[in-house]
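Here is the structure we will look at, set down as structure tokens.
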There are 2 protein chains.
Amino acid sequence: MVMPAPAVAGSGGAAPGSVGDVRRSNLALVLGAIAEFPPGTHPSRAQIAGATGLTKASVSSLVLDLLDAGIIREIGLNPQGRGRPGVGLELSPSRAVMGMEINVDYISVAVVDLAGRVLLREVQERDNRNSPDRPVLAALAVLAAGVRGAAGELGVEVLGGGLAVPGLVDPAGARVLTAPNLGWVNVHLDLAALLPEAALGVELFNEANAAALAELRHRPDGASNFLFVSGEVGVGGGIVIGSELFTGPGGHAGEVGHIVVEPEGGHCSCGGTGCLETVAGQDAIFAAAGVATDGGSRSATMSALLQALTAGEPRAVAAVERAGGCLGIALAATARIVNIDSVVLGGHFAVLEPWLRTPLLNSLQKYAPGKYASERVTVSAVGEFGALLGAAGSVIRSLVEAPHRLHA
Amino acid sequence: MVMPAPAVAGSGGAAPGSVGDVRRSNLALVLGAIAEFPPGTHPSRAQIAGATGLTKASVSSLVLDLLDAGIIREIGLNPQGRGRPGVGLELSPSRAVMGMEINVDYISVAVVDLAGRVLLREVQERDNRNSPDRPVLAALAVLAAGVRGAAGELGVEVLGGGLAVPGLVDPAGARVLTAPNLGWVNVHLDLAALLPEAALGVELFNEANAAALAELRHRPDGASNFLFVSGEVGVGGGIVIGSELFTGPGGHAGEVGHIVVEPEGGHCSCGGTGCLETVAGQDAIFAAAGVATDGGSRSATMSALLQALTAGEPRAVAAVERAGGCLGIALAATARIVNIDSVVLGGHFAVLEPWLRTPLLNSLQKYAPGKYASERVTVSAVGEFGALLGAAGSVIRSLVEAPHRLHA
DNA sequence: AGCTTTAGTTTATTGCCTGAACTATATGAG
DNA sequence: CTCATATAGTTCAGGCAATAAACTAAAGCT
């Protein structure tokens, strides 16, 4: 069940294909095969040979490199009727990466081992709205250092990290171009300070994109093509195509929150007019539903909305129905442009799904008939920690795709 | 100027990376380097070595294979001041592919040599509207056979072909899923019959996608990321990202004609509501402008529209302005979803550009400020033969990317 | 003519994968 | 208990492709 088209020159450079590239490519192929085995099952070298098409001899040699680098380890035996049992292999549980998230109401970190298990997680409530970047990053660094220390005591080495933020990030690296709800514009982050001396450094992700990757890993239906819609204060999106995040040429694809859904609608913080976010963002829904309570916490307001919906209060119901209808228009456009037929609702869209679903499906039927089957409109499987887990998972994945970056 | 990230296992299969894959990858790398040199300049082996990063020895060996396969040939000498002159190389002018197109009002074929020169072209007017597929394909086969014979007399061998049709095609191959203006639904085409015994067979393309690829090849600005919008009876689109056609997971990305631009608008032939095509398709514009002449030819109606516009007739001007405004809404959505910042107008959008441009730019400013610079909204460089040339070019390109399919 | 410069080829070396033979370790039959 | 069988994993010779460096080829310059 492996099937990646093995590319040789991993690191995207202009290097021509040479013989050594084959080694790198096949290291990633073998490591990817190990990573893709179902959790709990530990493939043997022979099984990997079967899955990848490489010979047993090659796999043995490649596995040896990965063992030496400490990326994988041998674990137990796989008896199988007759014959010598295979030696189980798994991604090393003593190597890990750190997922980190900065959001409007909190900062959080998690340590995830290479096999994808969450070893530690810590959330700190913190009002980051309109807070400058440095103190936020300093607080995050303290949190990260503490968790990293705890991981060290468990004998786990943190190799690198991923940081998710609710805004557009510079795909090249360490710059947040705009994060309206944090009040950040073109902010350069000192990512290295978050995890000093980590072998792989820290990568920066858009929150919705990271959450989309977490969905990819945890989807029960195993979908490999979908749009993840993240409903927070803003409305974000992450497009997954062929089990890869699709970011577009500039790195900011999937901005479903700013698709025009009401040409004569209101102004948006992005400068546009009639964007989905002006109808279906949290603030917009709260206001339209009449539950906005300035000063109150966001989760309290959400509780009030849910209560109003349960009570069948017309204003609340109408607000959510309008949001659902407009979400449908945006998803219809997405289906036409990137030819996606599957949607995962996250954030408040997941919470409000019982009330949102029918107007959404009606809208999709009206504007993009036949493009989305109703069973392809689903709710997030990972919940509120999606961005955190996705940021970590993405770093693991990039290591799996280029293991030579670590020793070897 | 070469820089493709060289992938080893070209043919997408599950084959693991072996040593021989390096050879295939580098054959494509060398051939690509030759193909990308400006027309008229013929690179030497040494120049290719510099461009690709391979050593002179490797290039010599790879070039020998390509010469043996007849894909390239040596042509003249490149003196350069001191030193031994290099031997020029170019894609073989005695090998060619055939571009073919079926459209509403005509069928056409062209023979294009591997260097991209159009050797022969033939257009046959024919009313294919609501014509069944077999007679159309039979007529096309006759036209193709004639042109192929003429090419043979020039000493040119036709290796394969590409066929462009105005509808959604099955990415796997030979099926037209739906072509509303031909009246075709789920039609299987016997492509092999078009070019019997051609080494590479015949590939099927969507018309707008093929035209987008032709734009890519002929753009004066060298843009490698853009949306091509094809205005015909229907409105189609082709998305080019990183010099590659982006087709999405199902193969039908870029359907800009069916983005919702007027949520309370009219019904569309696709079953949707308020699609761009209902406002900006040729029939819609003609009707709104009051120049619809049933029975008259399409080009006569277009002339009437241009005359009305030049005369400043309010109804015609308003129709085009409305189309431009709605086109802006669709392009705004595209910018958000795939993060594209450049648009090429084709078909009637190119013809109407003088009247369309201002309302389009105003609309983009209103709905997606900052996403498209006005100089990134341009008119097609290839004109009406885009689909034809693009279909041929795409087949050449696939040969360049996998030269081992031919002899070698 | 002879020096310099650049193009292209030849040769030895290296790295990696493959295939086949070989060793290791389990189950099951007699 | 022992031997046949089956499967896992390793070792070793062979081949292919790229590299580096030396070498040959063909021009201009003095």
Side-chain angles (χ1 to χ4, degrees), chain A residues 6 8-10 14-30 33-34 42-68 72 74-89 403-404 408, chain B residues 6 8-10 14-30 33-34 42-68 72 74-89 403-404 408:
Chain A
V8 138
S18 81
V19 176
D21 296 330
V22 175
R23 186 75 177 175
R24 276 197 283 286
S25 165
N26 287 339
L27 275 171
L29 189 61
V30 166
I34 296 172
H42 305 299
S44 67
R45 290 167 175 78
Q47 286 176 289
I48 294 168
T52 59
L54 293 161
T55 61
K56 287 189 297 173
S58 301
V59 171
S60 272
S61 158
L62 292 159
V63 160
L64 198 63
D65 276 13
L66 294 172
L67 285 170
D68 283 346
I72 62 174
E74 299 186 326
I75 172 172
L77 296 180
N78 290 343
Q80 55 218 87
R82 268 194 279 286
R84 170 175 168 178
V87 179
L89 298 170
H404 59 92
Chain B
V8 137
S18 81
V19 176
D21 296 329
V22 175
R23 188 75 177 172
R24 275 198 285 286
S25 164
N26 287 338
L27 275 171
L29 188 62
V30 166
I34 296 172
H42 306 298
S44 66
R45 290 166 176 78
Q47 285 175 290
I48 293 168
T52 59
L54 293 161
T55 61
K56 288 189 297 174
S58 301
V59 171
S60 272
S61 159
L62 292 159
V63 160
L64 198 63
D65 275 14
L66 294 172
L67 286 170
D68 283 347
I72 62 174
E74 298 187 326
I75 171 172
L77 296 179
N78 290 342
Q80 56 217 85
R82 269 193 278 288
R84 171 175 167 179
V87 178
L89 299 170
H404 58 92

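The sequence lines fix the lettering, A, B, ..., with proteins before strands; numbering per chain opens at 1. No hydrogens, no waters, no symmetry mates; every other heavy atom, side chains included, goes into these values.
- Distances shorter than 4.0 Å separate some side-chain N or O of N26(A) from OP1 or OP2 on dC17(C).
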What's touching nucleotides 7-14 of chain D from the protein side, N or O pairs under 3.5 Å?
unit_1	atom_1	unit_2	atom_2	d
dT7(D)	O2	R84(A)	N	3.0
dA8(D)	OP1	Q80(A)	NE2	2.8
dA8(D)	O4'	R84(A)	O	3.2
dA8(D)	N3	R84(A)	NH1	3.1
dG9(D)	OP1	V87(A)	N	2.5
dG9(D)	OP2	R45(A)	N	3.0
dG9(D)	OP2	A46(A)	N	2.9
dG9(D)	N7	K56(A)	NZ	2.6
dG9(D)	O6	K56(A)	NZ	3.2
dT10(D)	OP2	S60(A)	OG	2.1

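- Contact between the side-chain N/O atoms of S58(A) and the OP1/OP2 oxygens of dT18(C) is found at a separation under 4.0 Å.
- In this structure, R23(B) does not reach the dC16(D) phosphate: none of its side-chain N or O atoms is under 4.0 Å from OP1 or OP2.
- For S60(A), the side-chain hydrogen bond (donor to acceptor under 3.5 Å, both in side chains) criterion is met by no residue, not counting sequence neighbours.
- Residues satisfying the salt bridge (charged side-chain N to carboxylate O under 4.0 Å, His left out) criterion with R84(B), sequence neighbours excluded, are absent altogether.
- Residues P403(A) and L66(A) come closest through the heavy atom pair CB-CD2, 4.1 Å.
- Taking atom CG of L62(B) as the reference point, atom P of dG8(C) lies 14 Å away to the nearest angstrom.
- The interatomic distance linking R24(A) (CZ) with dC16(C) (P) rounds to 9 Å, in whole Å.
- Whole-Å rounding puts the N78(B) CG to dA26(D) P distance at 16 Å.
- If you take CG of L77(B) and P of dA25(D), they are 16 Å apart, rounded to a whole angstrom.
- Using modelled atom types, no side-chain atom of S25(B) and backbone atom of D21(B) make a donor-acceptor pair closer than 3.5 Å.
- Look at CG on L27(A): it is 9 Å from P on dC16(C), rounded to the nearest Å.
- Across N78(B) and S44(B), no two heavy atoms sit closer than the pair ND2-N, 4.0 Å.
- The separation between L29(B) atom CG and dA18(D) atom C1' is 13 Å, rounded to whole Å.
- Pairs passing the salt bridge (charged side-chain N to carboxylate O under 4.0 Å, His left out) check and including a residue from residues 47-56 of chain B, sequence neighbours excluded, do not occur.
- To the nearest angstrom, C1' of dC16(C) lies 16 Å from NE2 of H404(A).
- Contacts of L67(B) classified as side-chain contact (heavy atoms from CB on, under 4.5 Å), with partners at least two apart in sequence or in another chain: R45(B), V63(B), I72(B), E74(B).
- If you take CD1 of I48(B) and C1' of dG8(C), they are 12 Å apart, rounded to a whole angstrom.
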